[in-house]
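Report on one structure; see the data block that follows.
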2 protein chains.
Amino acid sequence: MPITPVRSPKLYLLIVEQLKQLIQRGEYRPGDRLPTERELAQLFQVSRAPVREALVALELLDIVEGRVGGGWFVRRAPDASLDVAAVQGRPPSDILHARVLVECAVVEQVARQCDEDDLDALRRAVEAFEAEVERGEYHGDADRLFHLTLARASGNTVFADLVGYLWDLQNGQFFQRVEGMSGTARPRMERYAAEHRAMFEAVATRDASRAREAMRRHLEGVYQDLLDS
Amino acid sequence: MPITPVRSPKLYLLIVEQLKQLIQRGEYRPGDRLPTERELAQLFQVSRAPVREALVALELLDIVEGRVGGGWFVRRAPDASLDVAAVQGRPPSDILHARVLVECAVVEQVARQCDEDDLDALRRAVEAFEAEVERGEYHGDADRLFHLTLARASGNTVFADLVGYLWDLQNGQFFQRVEGMSGTARPRMERYAAEHRAMFEAVATRDASRAREAMRRHLEGVYQDLLDS
DNA sequence: GCGGAGAATTGGTCTGACAATAAGATCAGC
DNA sequence: GCTGATCTTATTGTCAGACCAATTCTCCGC
């Protein structure tokens, strides 16, 4: 179980972050020239070394480009990113509502249009979760996999992004650590497994409205469990 | 026949290339510790600086990980598609569907429950966009602000995250830069301004279903414009 | 105005140094 | 012999200053 990684704030990572934001917000646009390394070092109140390391790293991402004797130029805006680490915790109810909105739509769409391959993948995800519960362990991977597989089956890559983000947001915030599945945890997991299977069955029988309802109840149940604990 | 640009081989790029190959060929596997920076510098016959720049760049790609006082560790093998995947965005239609799902729900909820302060903020966002169009400039900030203000007015912080992400995803991918608003751009922007105002009016009069429809038409219109250009 | 030579600027690299952290080694105590 | 704390060493992260090569700017002659 991954304990929250305590990261020491390295300067070059902070500089990378700031530069990315500056470019994404249009402060510097593609084609623009950045301040010189020495100027950036002064602005960030550091030496040239971490500034260069940040710039070189961004160059490998094709975001900036360094020309000897010329300067650093912006090539493209950094990709939009949903970074859980950058978010300092959202109200659980906000997460719930977002998950209900997105995942209900997802499961409804999957029920309407998924093919046999999707169903196979879903079945495997359900069984992996059941096996985990059976063995008495839970580290979330199989749970996340089910929701992500569902999102992928929708055929919409953006939905997959959102579902993964929301899962991390919800579960990273709360049970960072579920050790051994003590006491009340086990019945919960068994219920979750059953709910996953129910959703799968609804999808397999192409019952969109039943699938949607199953998802809504599942998410609300998980939310309640989180609040209780 | 395009002349191949003779690029001056920067040392850190050569080192990045060699390290990537070493890891890809299994010389160093995930979990392994790389030689120390000083050892690598000796091996490559260079100083520490370019070695560090290469390592830091690989760290941003999640290929290696540097621990203070510990050393550099391999996290995963660099897969060739990573760079491409980082660059290529999401299918525009996927983004559209996600935006319709989320933002229609947002605007509907705002129409139902927003207060006077929210309406003020929305009005200011609408007027800022109109002023931008009036001045003949468009750099997206005011557009983004409107959608984000709407999301914030919903009271759900996660919705704000999602809306911001989806906006960046859609607009970062296409018009990275709209300079001067040439030809067909201006009428478009005027239409967008009008649509924003229409949404605002619908919200202000608490007409949830009209607001939702206005949002859906707006997003689909934007999508069509993007495809046309 | 134009072209070209020289000066100033700027990225790329090197060297050496120091602090902070992590990991290994040592040692006292039982 | 084992445990736990302490000390030592190793390593990264950062700083400062310097030099080189490529680029860009400037200014001068024409």
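Chain naming here is simple, since letters A, B, ... match the order of the sequence lines and numbering starts at 1 in each. Given the structure is predicted, the values throughout are model-derived calculations rather than measurements.
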Applying salt bridge (Lys or Arg N to Asp or Glu O under 4.0 Å) as the test, list every pair that has at least one member in residues 43-60 of chain A; sequence neighbours left out. A:Glu37-A:Arg48, A:Glu37-A:Arg52, A:Arg52-B:Glu53, A:Glu53-B:Arg52, A:Glu59-B:Lys10
Please collect all salt bridge (Lys or Arg N to Asp or Glu O under 4.0 Å) contacts where either partner lies in residues 21-34 of chain B, sequence neighbours excluded, each pair once. none
Could you pull out all residues at least two apart from A:Tyr223 that satisfy ring-ring contact (aromatic ring centres under 6.0 Å, His included)? none
With sequence neighbours excluded, what pairs up with B:Tyr28 under the ring-ring contact (aromatic ring centres under 6.0 Å, His included) test? none
Could you tell me the separation between the CZ atom of B:Phe73 and the C1' atom of D:dA10, rounded to a whole number of Å? 12 Å
Once base and sugar-phosphate atoms are separated, protein heavy atoms under 4.0 Å mark nucleotides 8-18 of chain C, 5' to 3', with B, S and - as --BBBBBB-B-
Identify all side-chain donor-acceptor contacts of residues 149-160 of chain B below 3.5 Å with residues at least two apart in sequence or on another chain.
{"unit_1": "B:Thr149", "atom_1": "OG1", "unit_2": "B:Leu145", "atom_2": "O", "d": "2.6"}
{"unit_1": "B:Ser154", "atom_1": "OG", "unit_2": "B:Ala151", "atom_2": "O", "d": "2.5"}
{"unit_1": "B:Ser154", "atom_1": "OG", "unit_2": "B:Asn156", "atom_2": "N", "d": "3.2"}
{"unit_1": "B:Asn156", "atom_1": "OD1", "unit_2": "B:Val158", "atom_2": "N", "d": "2.8"}
{"unit_1": "B:Asn156", "atom_1": "OD1", "unit_2": "B:Phe159", "atom_2": "N", "d": "3.2"}
{"unit_1": "B:Asn156", "atom_1": "ND2", "unit_2": "A:Asp94", "atom_2": "O", "d": "3.2"}
{"unit_1": "B:Thr157", "atom_1": "OG1", "unit_2": "A:Asp94", "atom_2": "OD2", "d": "2.9"}

